[in-house]
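To start, the structure under review is shown below, and the notes come after it.
Every number for a ligand or one of its atoms is a count from 1 in the order of the listing. Just so we're clear, the structure is a prediction, and the values are computed from it rather than from any experiment. Reckoned from all heavy atoms, side chains included, excluding hydrogens, waters and symmetry mates.
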Amino acid sequence: MIYKRSSALFAEAEKVIPGGVNSPVRAFKGVGGTPIFVKEAKGAYLYDEDGNRLIDYINSWGPMILGHAHESVVNAVIEKAQKGTSFGMPTEIETKIAELAVSMVPNIDKIRFVNSGTEACMSAVRLARGFTGKDKIIKFSGCYHGHSDSFLIQAGSGASTFGTPNSPGVTKGTAKDTLLARYNDLDHVKQLIDANKNEIACIIIEPVAGNMGCIPPKKDFLEGMRALCDAHDILLVFDEVMTGFRLAKGGAQELYNINADIVCFGKVIGGGLPVGAFAARNEIMNHLAPLGPVYQAGTLSGNPLAMAAGLAMLTELNNDDKVFDRLAEKTAYLHAGMAKVLDENNVVYTINRVGSMISVHFDDSDVVDFESAAKGNNDKFKAFFHGMLNQGIYIAPSAFETWFITDALSYEDLDFTIEAVNQASKDL
Ligand code: KE4
């Protein structure tokens, strides 16, 4: 594959944008080489600035669950844009997407739209603190809830890649209110609760972790967390920025039949435009300004173009009773095909999969938390990443990420990918 134009564009970008990118994980620091500049995309395919076609397994880190430039999403945005792009005033379409989201997701009465997953999670924690009157939160090592100060304490995703788990600029005053637990370790959560009696406002968790690779909750882990929260007057916050509207219509709450107190969304809910959201039952949401004392705001929150894209996306997902099964079946097919060729090539690996989230770890231990995820052989991952890229397959440029399957993938695409895995893993 030739990346001449991407390299030239990257050199230009580096002169005016820190690291040449607007989000660190795009910079390929975790895998080396220079980032690919995309010219356009359609369905399952990216077309880069050098004319290469790549099968996309990142899909903008989750939003493109139905494939790039989906007709109903694009048409909705075009139609809306011709009527104005932002008003800073209420519009009917915000109510329409709110009503649809509330009808699809269990245990929520109201939803507030913001502009990113970070804003959603940051606001959810503030709401939990305001509702309970308590300051501390529990998060899990390796989970990533965006770049708000309270979360950059051994965060997953890009922060892990950069090896700077506690980012400079986060004050000690902030860090002291964030307690870190081991994912899938209920005893550790219990210990933290007992050591901080009546001080913990919420536990925030990715119900299926996606920022240290894909890590499913162990049996009874989420149930145990729900019980602990009930026993200690702690709110359970599901960060469903990745899992929301991806694992099922009702996300991880539906898939695992667990009731969270506050649910955060991003990615799919915006259909590729900047949308985040957080939602809960009335008792909690009615604490939010202008109804209640917990302040949260945003100039472009509920932006009409973003709402049009999100409404089109959620409508497509809500009206297709088979889409989540198709996504899971395609991911299972990919899993089985990759496992077969990796076994044939005598590669040491673990594959984790939940629904249309999947990740490959080059280590033979079970990957159940940040510590076991970090054991993965990063040199092998780098070689695998570039081996796949050179065959026209774009996977996450970091071992601490999940692949996101899109329904636009055909079984021919999957077979092509499996053969690429075969070729890329021959010398691992
Ligand atoms: P954003 O602020 O990036 O929209 O969402 C933050 C966020 C919150 N919660 C979860 C579970 C997330 O995965 C994310 C963002 N995910 C990363 C990829 N792992 C976004 C990619 C990036 O940082 O460029």
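Proximity of Asn377 to Asp363: side-chain heavy atoms (C-beta onward) are nowhere separated by under 4.5 Å. With a 4.5 Å cut-off on side-chain heavy atoms, Met307 and Asn303 do not count as touching. Side chains of Ser301 and Asn115 form a contact here, defined as non-hydrogen atoms less than 4.5 Å apart.
Ligand-side atoms of ligand 1 in range of Thr118: 1 (P), 2 (O), 5 (O), 6 (C), range being under 4.0 angstrom from any heavy atom. Atom numbering of ligand 1 starts at 1 in the shown order; those under 4.0 Å from a heavy atom of Ser116 are 2 (O), 4 (O). Per-residue contacts place His145 under 4.0 angstrom from the following atoms of ligand 1 (heavy atoms of the residue considered): 8 (C), 9 (N). Atoms of ligand 1 found under 4.0 Å from any heavy atom of Val25 (numbered from 1 in listed order, with element): 22 (C), 24 (O).
Relative to the ring axis of Tyr45, Arg53 places its NZ or CZ within 45° and under 6.0 Å from the centre.
Counted within 6.0 Å of CG on Asn390, heavy atoms from surrounding residues, nucleotides or ligands total more than 12; the atom is thus considered enclosed. Dense packing is recorded around NZ of Lys110, with more than 12 heavy atoms of other residues, nucleotides or ligands lying under 6.0 Å away.
Aromatic rings from Phe37 and Tyr3 are positioned such that their centres are separated by 6.0 Å or more.
Heavy-atom separations between Lys267 and ligand 1 include at least one value shorter than 4.0 Å.
If you look at Glu206 next to ligand 1, the close heavy atoms, those under 4.0 Å, all belong to the side chain. Residue Glu401 touches ligand 1 through its side chain alone, judged by heavy-atom distances below 4.0 Å.
Remark: ligand 1 and Trp61 share no N or O pair separated by less than 3.5 Å (distance only, no angle test). Annotation: Gly117 places an N or O atom under 3.5 Å from an N or O atom of ligand 1; distance criterion only. For the pair Asp239 and ligand 1, the shortest N or O to N or O distance falls below 3.5 Å.
With hydrogens and angles left out, the side-chain atoms of Asn107 and Asn259 include a donor and acceptor closer than 3.5 Å.
Residue Ser23 holds the heavy atom nearest to atom 23 (O) of ligand 1 of all those in Ser23, Cys143, Gly146. Across Asn211, Thr243, Val241, heavy-atom proximity to atom 13 (O) of ligand 1 is greatest for Asn211.
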